[in-house]
Every structure is written in structure tokens, then in C-alpha cells.
Amino acid sequence: MTTNTAPRLGVGLFLISAAVLALQVLLTRILSVQMWHHHSYMVVTMTLLGFAVAGSIVTVKPKLLEGDTRGRLAWCGVLFAVSAIVGYLILDSTAEHASDLTNEGHFFTLGLFYSYLLIPYVFSGLVVVIVLSVAKEVHKLYMVNLVGSALGAWIFIMAVAPLGAERLLVACAATGPLAALAFLRSNPGETASNLAKPRMAALGTLMACIALFFVAPSFLQVGVASNKAEPDHIAMVPGAEPLETRWSSLCRLSMVKMPAGMIDIYQDGDAITVMHSDESWKSVPPVALNTVGYLPHQKAGPNGQEDRRSEMDVLAIGIGGGIDLRYALDQGVNSILGIEINPETVQIVGTDFAGFDNDIYHREGVEVRVGEGRSTLRRLDRKFDHIQLSGTDTYTAGNSGAYVLSESYLYTDEALGEYFDHLTPTGTLSFIRLAYQPPREMLRLIGIGLEELRSRGITEPSKHAIVISHEAQHPKDPELVVRFSACVFSMEPFTDAVLDYYALADANWEDHYSIYLAGRDQWDNTGIPEKTAEQLTIARAAYNDLGTAIESGTETAFYSAYQDGQWDISPVGDDSPFFFNFHHWSALFSDAPEEA
């Protein structure tokens, strides 16, 4: 009587297939917290490599396919569970050393470091290879494999929020011994003493997983990288009080109450969004990069004497803790629609902590929708007087190069085209991004916007854009200056009254500087610190040269020659949306220093 029956193999294969995909997606989220987002790509690599290793093992050891394979499959299921938990513990305790190994060039050691991720996929790969090799009805079992894999991805989405990453990790591991027990089911009247050991191992591992499940949040707690904002702020700010941690399919959210009266919400340990109380909001300066897009409406008309802010309908993409909602309400706008991609953030700010922020999500004139920015905008049959995107990405991760290989469809040619399509004839579009020296991120964005305006028949697009920057000392390192910049695109040319007001930034707005003012190239650096003035001169020249190049049709030459070819700031589109990749391949072998 055959022991490799389709029902027995199918149940075990289904369980392992689901566990592998759920574990794979889960580890991408865990590594985003323990290190940075870009490390999660290693999970995909190690999964594929693990399955390749499993196929190679079976090829070299064909005896693994001979005779009764139930015991071998069961042991693979058990070892999948053990290696998933043990590998995670090792990874968690050594994750802090990954960047050091990379910086010091210890690539062999770094390879061993990442090998912890490989082992569970070798054992799960052996299950898949052996089952599909010995089965008589391969087509049916292959379908089971595919269905299980698809279900595994959905398991992660549905289970990570209620269980948390730590318990979901244990649940994925527990699927290994469950699969082993499915493989070990005996035929009627059969006594197989050789299966007693793997059966006991499977039962013991399953019981251990059940016990571990209840203590997983503390015993397997996912640590946050020490160079991220969350541990920094908790350590540096006396009285900072961690409140709660939640997991969603998009990120890990942790809330820390600050003594100043607001709650910082950290996404994967960084990417802070702040939830203010009405009292703490009183200490926020009324002039900020978030408000520069409202100035053309505040000083509307030929002489800048008309204030049209009360007539404005505003759209904010990536509202997080509600700061852009508050700024819009302070401006006295008619309405503001906020789009937030993370439903858990909306749950926190709009429901669970609504009493803290005086229900900012449900105030008069405010509407909040859950969705991805562009797709939600595309479905809106309305136009706005102002569209605001305030740093809709992780600042520090972007600075570290974490998004070099990440797609972002919010900053492509097509994206800005859609934003412009949803603006009124006098509408404005504003972005806040990191300000690097020399300029690259905002400079690329300005290039994309000016080219899009030119494609719409605007012959002097540079008269439709401005850039303002803000700088402040890093709270941890007084020698480090953190810079942000805001750009504003206007469907109408900026009037002199508006430009004159923007030009006051250097003198009247604390730590704010005008970088690019439509059609103006004369600057007064009186009173500006010498180092800051030098950097402003470099930045202003770059933006002015780009605007001139686009209006003369020579932007391709400008992109190629920018900073002697060190940086790639050419526009990106939806077919290659790598907005944060500013490096040419030649930079891989360059010794040129990178400035911040």
C-alpha cells in the first residue's frame, strides 16, 4: 500500500506552502523595524535561494525520494519550525551589526549573517520538492501548493494586526509540526514504528509553539534599530512615555507621549507623524513649510490684496497624525479632504485617541478617506484649490539610501500630471522633502514639475514654481543640520506681491530661506551665516540653471552634467518609478564623498 497518497501529501503541502509565504512577508516587516526597509529585499533572495538549495540537495541525494518519505517530510516540517524561531532569535540579537559589517567591507561575514534567513526555506523547500517529486498526481498537488501560497499572503494581511508580528511568527512556525503530523497519518491497520520519533518530535514542537505563543510579545519582542528616531527620542527626552505598539500589514506603529503634550506616532521605529492636542498645537509656529502653499491664496489678486483662503478646497495626501488638517483649518479653508494609506493610523487618530486630539479627523469641513494617494485621487471627480504632500515618506530612511530600490508612484511624471489635472485654474501644489546638499531630491521634483507644466503649453514654467527651505540643528548632534524644503507649483504665474512675500523668508521667517523664486536670481545674504550662505548660493544656482535649461529645451544636457555627473536627477516615470535613486552605476566605483 502506497504511503505517498495525494490527500496526506496535499494537507501537509498546503500547510507548509501557506506558512512559507506568510513567514516571508512577515520577515520583510520585521527587518524593516530591526534595520531598514531595504534589508527586507534579502528575505525574497533568501527564500528563492533556500528553495534552490533544497532542489540541489534532492538532486545530489536522490535516495531522499525512495521508499516511505513520510518520516523525512515530517522531520523537515519540524526543522522548519525550529529554524524559523531560532533563526529569528539570532537575527534579532545581531541585527545591529549588519551596517557595521557592510561599512567595514566584511561581506563574507555579512553573508553568514543573512544565512539565518535561509535555513527555514531550505527545510520548507525540501518538503515541496519531495512531495512534488514522489506524487502520482503532480498537477493536483501543484495546485494545492499555489493555493496554499496565495492563502499565506492573505493570512499575513489578516492576522498581523490582531496577533502582532511576534505571535504571527510563532503561528507560522507551528504550521511546520502540523504539516508533519499530516504527513505521518497512518493507513488503516498500519503500524509504522519507524515513524514514532518524528511523530513525538512533531507533537513536542507543536506543544512548544503553543506555549511560546502566549509569551511571544515579550520573549520574541521585535527590537527597533538603535539609529532610528523612536529609541533616540525615548532616550533623549525626559518624560517620554511609550504608550502602545500596534502592527498592521503596512508597518509597525508605536505611540510615545511627549512631555510637551503631543503623541509621536512612529512607523517602523521612524517616520514620525505627530498627533497634537489643542493645547500643544498652540506652541507650533504659525509659519511653516506646510503653509507656504497657502500664500498665493492669501495674497491673491494683482496687488495681493485679496484673501481667498476661506473659499479654498484642499486635499492633503498622507495626513498621519493630522498636522496638515490643523494647518488647513488654521488657514480658515472651506474644506479639506485628507487621504491616509494606513487604516490603523486612521483608527488611532480618528477613533481610539480622538479624545486626545479633540477629534481632528471629524471636525467641520474635514473629511478623511483611507487609500493610496494617487489611486484615491484618480477616482475623485472634483478639483482642488490646493494639494499638499508633506514628506509622504520616511525621512531618515531616505537619507540612508533605504529607498534606492523602492518604487514611489507619488513623485513621477504621471503623478504630477494627475495632481495638476485636479487643480483649479488658480490652484497650487506643494511638496515637502528633505533638502540635500548639493540639491537632488527636491531638484528632481522641480524638474519633473517644470517639464510637466511645459508640456501643458506653459512657455515660462519657471514663473510657476518656488522653493523655500528650513534648517534646524539635530537634537542629538549639534554639529548636524537637518534641512527640509518645500516647493510650490502654481497653475498661474506667481505675482510680484506673492514673490515679495516669499522673499521675506530670509529675514523674517526664523531659519527659513528662499531657494528658488519664479524668475528671480538676485539674492541678499546679509545676516546669513557664512556656511549657510555658501550652501544657499550652490542650491540657488542649481535651481536657476535647471529652470533656464528646461525653458531653453537643454535640460537633458543639464541632467547629464549636473555635479560633474555624480548625481542622477533626471525625471522618473511610472515605468521606472525609482525617485530616490540618484546614483549612476559609475558611482559604485567612485571615491567621491557624499554630502548630506
Side-chain angles (χ1 to χ4, degrees), residues 273-278 280-301 304-340 345-346 349-350 354 357-371 373-374 376-377 379-392 410 418-432 464-466 468 470 486-492 494-495 497-498 501-502 505 509 512:
T273 181
V274 181
M275 181 168 49
H276 279 275
S277 64
D278 286 351
S280 69
W281 184 249
K282 294 177 182 178
S283 63
V284 175
V287 176
L289 294 181
N290 306 67
T291 66
V292 296
Y294 293 94
L295 290 178
H297 306 274
Q298 180 183 356
K299 297 188 172 295
Q305 300 298 316
E306 301 177 28
D307 189 341
R308 300 174 183 168
R309 288 177 294 173
S310 62
E311 305 169 7
M312 292 177 65
D313 293 317
V314 178
L315 170 69
I317 297 177
I319 56 173
I323 285 182
D324 280 326
L325 302 182
R326 287 185 176 273
Y327 274 121
L329 293 176
D330 286 351
Q331 297 292 321
V333 303
N334 177 57
S335 70
I336 177 167
L337 170 61
I339 300 175
E340 171 57 44
T345 300
V346 175
V349 180
D357 61 14
N358 200 12
D359 206 6
I360 187 66
Y361 273 16
H362 299 99
R363 296 191 187 181
E364 184 178 356
V366 176
E367 180 187 355
V368 174
R369 297 190 185 185
V370 177
R374 276 185 65 186
T376 304
L377 177 63
R379 295 192 298 270
L380 294 175
D381 186 21
R382 58 184 291 197
K383 292 183 181 290
F384 299 90
D385 298 291
H386 180 58
I387 297 177
Q388 179 76 34
L389 291 90
S390 299
T392 317
L410 293 173
E418 291 177 11
Y419 302 145
F420 290 141
D421 288 341
H422 284 82
L423 288 176
T424 61
T426 59
T428 52
L429 167 66
S430 182
F431 297 88
I432 297 178
H464 296 250
I466 64 96
I468 304 291
H470 173 265
C487 70
V488 182
F489 296 102
S490 175
M491 299 307 293
E492 286 188 332
F494 288 108
T495 64
V498 172
Y501 196 88
Y502 280 130
W509 301 1
H512 287 76

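Keep in mind that what you see is a predicted model, and the values were worked out from it rather than measured.
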For His464, which residues count as a ring pair (Phe, Tyr, Trp, His ring centres under 6.0 Å) partner, sequence neighbours excluded?
none
What distance separates Ser430 OG from Leu389 CG, expressed to the nearest 0.5 Å?
8.5 Å
Keeping to residues at least two apart or across chains, list the salt bridge (Lys or Arg N to Asp or Glu O under 4.0 Å) pairs with something in residues 312-321.
none
Please identify each residue that fulfils side chain to side chain donor-acceptor pair (under 3.5 Å) with Arg308, with sequence neighbours left out.
Glu306
If I compare all heavy atoms of Ala486 with all of Val292, which pair ends up nearest, and what's the gap?
CB-CG2, 3.8 Å
To the closest 0.5 Å, what do you measure between CD1 (Ile319) and CZ (Arg369)?
12.0 Å
Thr273 side chain vs Gly321 backbone, donor-acceptor pair below 3.5 Å:
yes
Which atom names give the shortest non-hydrogen contact between Leu410 and Phe431, and what distance separates them?
O-CE2, 4.3 Å
Can you list the residues that meet the side chain to side chain donor-acceptor pair (under 3.5 Å) rule with Asp324, with sequence neighbours excluded?
Asn290, Ser390
Ring pair (Phe, Tyr, Trp, His ring centres under 6.0 Å) partners for Phe420, two or more places apart:
Phe489
Least distance between heavy atoms, Gly350 atom then Tyr361 atom:
CA-CD2, 3.6 Å
When rounded to the nearest 0.5 angstrom, what is the spacing between CD in Glu492 and OG1 in Thr424?
8.5 Å
Ser280: side chain to side chain donor-acceptor pair (under 3.5 Å) partners, not counting sequence neighbours:
His276, Ser277
Okay, side chain of Tyr502, backbone of Leu295: is any donor-acceptor separation there less than 3.5 Å?
no
Can you sort out the partners of Asp421 under salt bridge (Lys or Arg N to Asp or Glu O under 4.0 Å), two or more places apart, ordered by chain and number?
Arg456
Partner residues of His297 under the ring pair (Phe, Tyr, Trp, His ring centres under 6.0 Å) criterion, sequence neighbours left out:
none
Please find the pair of heavy atoms, one from Leu325 and one from Gly338, that lie closest to each other, and give the distance.
CD2-CA, 4.4 Å
Taking it one step at a time, do Leu429 and Met491 satisfy side chain to side chain contact (heavy atoms under 4.5 Å, CB included)?
CA-CA 9 Å; Leu429 167 66; Met491 299 307 293; over 6 Å; no
Residues two or more places apart in sequence or in another chain: which of them pass side chain to side chain donor-acceptor pair (under 3.5 Å) with Asp359?
His362
Would you confirm whether His470, through its side chain, and Leu289, through its main-chain N or O, come within 3.5 Å as a donor-acceptor pair?
no
Output, in order, the C-alpha distance, side-chain angles, deciding distance and verdict of side chain to side chain contact (heavy atoms under 4.5 Å, CB included) for Ile360 and Val366.
CA-CA 8 Å; Ile360 187 66; Val366 176; 5.7 Å; no
Please step through side chain to side chain contact (heavy atoms under 4.5 Å, CB included) for the pair Ser335 and Glu367, ending with a clear verdict.
CA-CA 8 Å; Ser335 70; Glu367 180 187 355; over 6 Å; no
Not counting sequence neighbours, which residues clear salt bridge (Lys or Arg N to Asp or Glu O under 4.0 Å) with Arg374? List them please.
Glu418, Asp574
Considering residues at least two apart in sequence or located in another chain, which fulfil the salt bridge (Lys or Arg N to Asp or Glu O under 4.0 Å) criterion with Asp307?
Arg309
Set of residues satisfying ring pair (Phe, Tyr, Trp, His ring centres under 6.0 Å) with respect to Tyr327, sequence neighbours excluded
Trp281
Residue among Leu315, Thr428, Ile432 satisfying side-chain contact (heavy atoms from CB on, under 4.5 Å) with Gln388
Ile432
Closest contact, heavy atoms only, Ile336 versus Ala316
CD1-CB, 4.1 Å
If we check salt bridge (Lys or Arg N to Asp or Glu O under 4.0 Å) with Arg363, which of these qualifies: Asp330, Asp357, Asp278?
Asp278
For Phe494 and Ala465, work out which heavy atoms get closest and say how close.
CE1-N, 3.4 Å
Once rounded to the nearest 0.5 Å, what's the spacing between atom CD1 of Ile387 and atom CG of Asp385?
10.0 Å
Side-chain heavy-atom pair Leu337, Arg382 within 4.5 angstrom cut-off:
yes
